[in-house]
Structures are given as structure tokens and as C-alpha cells.
Amino acid sequence: MTQALALQQLSSALPPDRLISKEFAKRPYETDGLTAYREVPWLVALPRNTNEVRQILRICNECSVPVVTRGAGTGLSGGARPLKEGLLLVLSRMKRILEVDFDACTATVEPGVTNLSISQEVQPYGLYYAPDPSSQIACSIGGNVAENSGGVHCLKYGLTLHNVTGLVVQTIDGDELVLGGKSYESPGLDLLPLITGSEGLLGVVTQVTVKLLPQPTNQAVLLGAFDSIESAGNCVSAIIATGIIPAALEMMDSLAIKASEEFAHCGYPIDAEAILLCELDGTKTTLDQDLVRIREVLDDYDVKDFQIATDAESRELLWRGRKSAFPAAGRIATDYYCMDGTIPRKHIGYVLRTIKELGESYGLGVANVFHAGDGNLHPLILYDASKPDEIERSEQFGMDILNLCVKVGGTVTGEHGIGVEKLDAACSQFTDHELEQFFRVKQAFDRQGIMNPGKAIPTLTRCSELGGMHVHNGEVPFPEIPRF
């Protein structure tokens, strides 16, 4: 690695405002949304176009300088945490909406475009972009592709993977890959799923084509309140078993309910142990039928309070609390650690009860607010970073939650990625053979291993040091798990 030569070449190839080398100016880039991990990068580059990205990658490749790609820095797994010996490639200045094709119902954008701005751009034409992470006002579409982000509407409309039809990717070797396009099918191997969710390990996405959907003409949001977490969790599976696929199906426990209500004042029942928020859309006839059926299911699981919102203002009010849950948690704890794991829906009640018991054993509070419809958990572990042992306890608590997810047949991530946060947890999910295959794929795109090194894939050595934690993804004979 020759940093001096790399800096000389980068300074010659790029305008002066594209590079940040002074220590104080690099400090804002020392972390992403996982603020417990910080490292000031050697150099920050802010290209404005694809040609500049290519030049940066070429020089870094020739000089063996590691490259970490960053979008808006809202990621929660440390995937965009910089390296002190590497270059941080920030794509936030590449924020043009290049084309909206109304015939194909697609939008082609640069990676720095924010998630929400796509829907805002096409809203006057009755269209929108479905994936809606909680950070959609700030997070970039390039980052969404890197982490395969979801949001509350991913149950019916899918994750980023299901809503991207084309990508343009720059590799570290200087190749440009044009994957997919405006249609659902393209010739050759389908590499879109490989790049989507690859966390910057394989290349740099410089252009994204997403599909646009018509805005629903009829919508309703239901709130059901329950006296037990188990009843609410079991109700989730029962709703899906009817054959109805809600646009969104979210769950909050008592601590999350109280925090959100105090913050957003949206009318949540603060005496409930759990609530479900269920959004339905479709034709008026279908919507009316689905509302009746969902109400019957809620009654079967002893719902104690029921609200329904059909007009835009009341729907927004019910959603406000859910979308304010993360900042609301910041009001009831000095710090919180947002976890991300996925489980089979039928185990929601059991897993939430176990998480509560784990929290009591660690002496830490935990608020659960998550995408119940697809089993994507987001426990918010509450702690105080000023107390030396609480950071370690919260991290171990988080590891126990992820291991629990694997044991019941789930995964260690749903939409936040592995990053640096879950490298150890990934050792419990993947076998040595699987990890070897992951590294072979990476080597095919990045022979030197300088694209976001040390992220997403744990080394075999690290897993061995942890004592061979492998737990095959499958059901474990816990007698406490309810069977349906």
C-alpha cells in the first residue's frame, strides 16, 4: 500500500473540492449509524460523477489502498465505518434523478438520491417507490441497495431487491457492469440479487433503476391492542394464514408504546402489553372484506381495543407513533442499541418473551418495535454508555438475541446487514464451507480484497477463536415454542 503515491495521483486526477484530508474535516465521517464504532479515515473522496468514481477506484487498486463506500451514513451495522488506512468513498454528491420513464414505470437515479425523494418526484403522477425504511427522509438509494433495506411496506411489496430492476456497478478492476434494465427479465446470469445486499464488498453502485407503483386508491390502518405479547405475536401468523397479505403489519410492545405515545401523541393505548398496526389496501370491495376478516382474527386472539383509520389524516396519525419509535426511545434512555434479526412468524410470541427474560437477567430495558409480518425484529436495548459495563452487557445481550433468532430457524439480519456489528453472530449461522464460498465470490470481484475489508463475512480464524459456534439454520427442539 502506497498512500503517498495514491494521494498524489488522486490530487492530480480530481478537482480540489473532491478530497478531504484534514483531520478536523474528516471527523464527521468517523462513523455511520452504529456510533459505538468510530475510526477516522485516511482520506475522504466525494465524487460528483461516475467517471470520477472510476478514477478513484483505479488509483486505489493500483496503490492497494482499501476502499469503503458510504452513502448517507444512516446504516446501523457499521458497514460504512471507515478504515484509518483506507479511503472513504462518499457518494452523497451523486444525487441526480436521471430519468422517470412513465411507460415502463421506472426511475433511474444516482446512488446519492434519498429514498423519499423518489416518491416525492413522482407523486404528482400517482406513483411511488414502495420500500420505505424509517430513515427514508435521509437514507440514500445506493445504501438501500448495499444493505437490501426494507421498511414497513416490505411485507406486501418486498425489500429493495424486489423493487430494483437495473444497476450499473463499477468494479475495483475497472470494469463497468450493467445489470438488468427497465424490465423484469434480462439475458444472462441474474447478478442483481448478488449485488443487492453485498454491503460494498463487490463493487460501487453508480446508477440504480427502480420500479414505480401506482398509489393505492383505497387504504385503511387498523390498530389492535392486546393484554399479552404472546397473543399479539400469535395473531400475526393467524392473519397471514387467512390468505390476506397486508401492505404492512407492525408490532410494538408496552415500552415502545408508552415511549412513542409520550413523544408523538398519536392515541396509542398505553395500558396495552402489545399493539399491532395493520395496513390494508386494494379495491373498496376487497378492502371492506379484508377489514371484516381481520377483525374476526383479532377477536379470536382476545384483542382488547380496536381502532380503524380510513382517511389520510387519521392513518398518518396512527403511523406517526410507529415511525417515531426510534427517536422516542432516545428520550427514555441515555443510549440504545438497535438490533436486527429475523425469525419465523410463528415464534414471535416465544422470542419476545425470551428477550424480555434476557433483559431482566442483564439488568437492561428493551423496547420491541418491528416488522412483524415478515418476522424482522428490531429490539432496542436501552443502556447508559457512561457506565463502563453497560456497553459490554448490551452487546452480549444483542449477541444472545441473534443466536436465539438462528436457533428458532431465523437469521442474524433482516435489513441492516452484517457490517462489523454481527461478524461474531454470523459465525453461529454459517458453516466453514459456506464462509469459504462467500470469500470465493468476493475474490472473483475483488482479487486484492480491498473493497470494504473486514466487513460482512467473518473469517474462519475468527469463528474458530469463538469456539466453533456454528448452529445450523433450522428449528431447535425448544419445548417452550408454540407449534401451529
Side-chain angles (χ1 to χ4, degrees), residues 6-7 9-20 29 41 43-63 65-73 79-80 82 86-101 104 106-115 117-118 121 129 139-147 160 163-182 186 188 191-192 194-211 444-448 450-452:
L7 180 58
Q9 293 186 13
L10 289 166
S11 299
S12 299
L14 301 169
D17 68 335
R18 305 298 200 268
L19 298 175
I20 299 176
Y29 298 96
L43 188 68
V44 177
L46 297 102
R48 288 188 178 274
N49 54 60
T50 298
N51 185 54
E52 291 180 355
V53 172
R54 287 198 200 102
Q55 292 185 71
I56 293 167
L57 293 178
R58 175 184 59 79
I59 292 168
C60 288
N61 190 37
E62 292 173 353
C63 298
V65 172
V67 178
V68 176
T69 308
R70 171 188 168 116
L87 178 139
L88 187 65
L89 180 61
V90 181
L91 302 180
S92 57
R93 291 183 178 179
M94 297 178 63
K95 54 184 179 181
R96 294 180 299 159
I97 295 178
L98 301 173
E99 180 193 35
V100 176
D101 187 331
T106 61
T108 301
V109 304
E110 291 183 323
V113 170
T114 61
N115 177 289
S117 64
I118 298 176
E121 178 74 14
Y129 176 60
C139 65
S140 67
I141 194 67
N144 291 171
V145 171
E147 304 298 336
T160 300
N163 290 274
V164 168
T165 62
L167 295 174
V168 177
V169 182
Q170 311 303 319
T171 72
I172 194 70
D173 289 330
D175 295 324
E176 180 174 86
L177 306 179
V178 180
L179 309 177
K182 295 181 181 180
S186 58
L191 295 179
L192 279 173
L194 180 62
I195 297 298
T196 305
S198 61
E199 302 192 41
L201 269 67
L202 307 181
V204 178
V205 173
T206 53
Q207 190 170 294
V208 185
T209 299
V210 302
K211 70 178 181 181
F445 285 81
D446 175 21
R447 286 173 290 181
Q448 292 196 76
I450 60 175
M451 293 295 297
N452 212 10

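The analysis underlying the following values was restricted to heavy atoms, covering all of them including side chains, and did not include hydrogens, waters or symmetry mates. Just so you know, these numbers come straight off a predicted model, no measurement behind them.
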Quiz prompt | Reported CG-to-CG distance for the pair Leu179 and Leu177, which is rounded to 0.5 angstrom | solution = 5.5 Å

Quiz prompt | Straight-line distance of Glu110 CD to Ser140 OG, nearest 0.5 Å | solution = 12.0 Å

Quiz prompt | Donor-acceptor contact below 3.5 Å, side chain Asn163 vs main chain Tyr129 | solution = no

Quiz item: Which pair of heavy atoms, one from Gly86 and one from Val65, lies closest together, and at what distance?
Solution: CA-CG1, 4.3 Å

Quiz item: So do Val53 and Leu57 actually touch side chain to side chain, heavy atoms under 4.5 Å?
Solution: yes

Practice problem: Would you confirm whether Asn49, through its side chain, and Asn51, through its main-chain N or O, come within 3.5 Å as a donor-acceptor pair? | Solution: yes

Quiz item: Taking the side chain as C-beta and beyond, is there a heavy-atom pair between Leu201 and Asp446 under 4.5 Å?
Solution: no

Practice problem: Please tell me if the side chains of Asn144 and Val164 come closer than 4.5 Å, counting only heavy atoms from C-beta onward. | Solution: no

Practice problem: Please lay out, stage by stage, how Val204 and Met451 fare under the test side chain to side chain contact (heavy atoms under 4.5 Å, CB included). | Solution: CA-CA 9 Å; Val204 178; Met451 293 295 297; 3.8 Å; yes

Quiz item: What pair of heavy atoms forms the shortest contact from Ser92 to Leu46, and how long is it?
Solution: OG-CD2, 4.4 Å

Self-check item: Test item: Leu87 and Leu10 side chains (from C-beta on) under 4.5 Å apart, heavy atoms
Solution: yes

Practice problem: Nearest 0.5 Å please: distance from the CG atom of Leu202 over to the CD1 atom of Ile195. | Solution: 5.0 Å

Quiz prompt | Residues forming a side-chain contact (heavy atoms from CB on, under 4.5 Å) with Ala146, sequence neighbours excluded | solution = none

Exercise. Decide yes or no for Val169 and Phe445: does some side-chain heavy atom of the first lie under 4.5 Å from some side-chain heavy atom of the second?
Key: no

Quiz item: Ile56 and Ala45: which non-hydrogen atoms are nearest, and at how many Å?
Solution: CD1-CB, 3.8 Å

Quiz item: Between Ile450 and Cys60, what is the shortest heavy-atom contact and its length?
Solution: CD1-O, 3.9 Å

Self-check item: Partner set under side-chain contact (heavy atoms from CB on, under 4.5 Å) for Thr50, not counting sequence neighbours
Solution: Arg54, Met94, Gln170, Glu176, Thr206

Practice problem: Locate the shortest heavy-atom distance separating Ser117 from Ile97; write the atom from each residue and the value. | Solution: O-CD1, 4.1 Å

Quiz item: So, Asn115 side chain and Cys139 main chain: donor-acceptor pair closer than 3.5 Å or not?
Solution: no

Practice problem: Return the set of residues passing side-chain contact (heavy atoms from CB on, under 4.5 Å) with Thr209 (not counting sequence neighbours), or none when no residue passes. | Solution: Thr106, Thr108, Thr165, Lys182

Quiz item: Taking atom CG of Leu192 and atom CG of Leu167, what is their separation to the nearest 0.5 Å?
Solution: 5.0 Å

Quiz item: How many angstroms lie between atom CG of Leu88 and atom CG of Asn452, to the nearest 0.5 angstrom?
Solution: 9.5 Å

Exercise. Measure the spacing between CD1 of Ile118 and CD1 of Ile141 and express it to the nearest 0.5 Å.
Key: 4.0 Å

Quiz item: Are any of the side-chain heavy atoms of Pro47 and Leu14 separated by less than 4.5 Å?
Solution: no

